[in-house]
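Both backbone and side-chain heavy atoms feed into the values below; hydrogens, waters and symmetry mates do not.
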Amino acid sequence: MNEEKLLQEHGLKVTRARLAILKCLSSSGHPMTAEEVFNSLSNQGIDLSTVYRSLNSFHKAGLSEMETNSKKENAYSLPGEDRHFLVCSSCGKRIPLVGCPYHEANEKIESETGFLLPHHGMDIYGVCPDCQKAGSSR
């Protein structure tokens, strides 16, 4: 992916920080909070407020999608294929699901309500086998 071109196509100024944040999102296998992005870029001298402002700009420009994670934090990802995860509520492990189990449900909701659902983000929470063996089942 050409990050500079992507920023320009969405009407955003190309900066070193925005390029780094965009690369971070594109290489992640899951939606990331601003704090996660900040922590992964800690060696690049980008402050947390810049991460928040950039992610907000990405979202407003349609360059990223935003969802709310289990901790009620905004998490950002780049648009693309639906990505869904099994998330362990004990240890936080995330396992990607192959395919989208929600397309039929979304089609039914669209036909019944008239709402258009161009994208969605859903994680399924449970307890992973390792935590079950350890006796942790929050």
For Arg16 and Ile46, what are the C-alpha separation, side-chain angles and deciding distance, and is it a side-chain contact (heavy atoms from CB on, under 4.5 Å)? CA-CA 9 Å; Arg16 179 187 62 80; Ile46 300 169; 4.0 Å; yes
Quick one, Leu19 with Thr15, criterion side-chain contact (heavy atoms from CB on, under 4.5 Å). Give me CA distance, side-chain angles, the key distance, then yes/no. CA-CA 6 Å; Leu19 288 171; Thr15 66; over 6 Å; no
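- Side-chain contact of Tyr52 with Glu35: a donor-acceptor pair under 3.5 Å is present, judged by distance alone.
- Side-chain contact between Lys93 and Val87 is absent, with no heavy atoms from C-beta onward closer than 4.5 Å.
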Would you please test Arg18 and Ser57 for side-chain contact (heavy atoms from CB on, under 4.5 Å) and show each step? CA-CA 10 Å; Arg18 284 183 176 169; Ser57 296; 3.7 Å; yes
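- Of all the heavy atoms in Leu78 and Ser26, the pair that sits closest is CD1-CB, 3.5 Å.
- Rounding to the nearest 0.5 Å places CG of Asn39 at 8.5 Å from CG of Leu48.
- Defined by atom type and a distance below 3.5 Å, a donor-acceptor pair is present between the side-chain atoms of Thr50 and Asp47.
- Checked by atom type and distance alone, the side chain of Glu112 never pairs as donor or acceptor with a backbone atom of Ile109 at under 3.5 Å.
- Residues Glu36 and Ser28 fail the side-chain proximity criterion, which asks for heavy atoms closer than 4.5 Å.
- A distance of 6.0 Å separates CG in Leu25 from CG in Leu55, rounded to the nearest 0.5 Å.
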Applying salt bridge (charged side-chain N to carboxylate O under 4.0 Å, His left out), run through Glu104 and Lys108 and close with a yes or a no. CA-CA 6 Å; Glu104 280 185 36; Lys108 183 177 180 189; over 6 Å; no
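- The minimum heavy-atom distance between Pro79 and Ser64, with the atom names listed, is CD-CA, 4.0 Å.
- Nearest heavy-atom pair across Arg94 and Pro31 is NH2-CD, 3.6 Å.
- Among all heavy-atom pairs drawn from Leu7 and Lys13, the shortest one is CD1-O, 4.4 Å.
- Put simply, OH on Tyr76 and NE2 on His59 are 7.0 Å apart, with the number rounded to the nearest 0.5 Å.
- A donor-acceptor pair under 3.5 Å links the side-chain atoms of Gln132 to the main chain of Val127, judged by distance alone.
- Interatomic distance, CZ of Phe58 versus CZ of Arg53, reported as 12.0 Å (0.5 Å rounding).
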Begin with the C-alpha distance, continue with both residues' side-chain angles, and end with the deciding distance and a verdict on side-chain contact (heavy atoms from CB on, under 4.5 Å) for Leu63 and Leu22. CA-CA 9 Å; Leu63 179 56; Leu22 190 55; 4.1 Å; yes
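- Side-chain atoms of Ser27 come within 3.5 Å of backbone N or O of Lys23 as a donor-acceptor pair.
- The distance from the CE atom of Met66 to the NZ atom of Lys60 is 10.5 Å, given to the nearest 0.5 Å.
- Put simply, the side chain of Ser89 gets close to the backbone of Gly126: a donor and an acceptor are under 3.5 Å apart.
- Note that the CG atom of Leu12 and the CG atom of Leu6 stand 9.0 Å from one another [nearest 0.5 Å].
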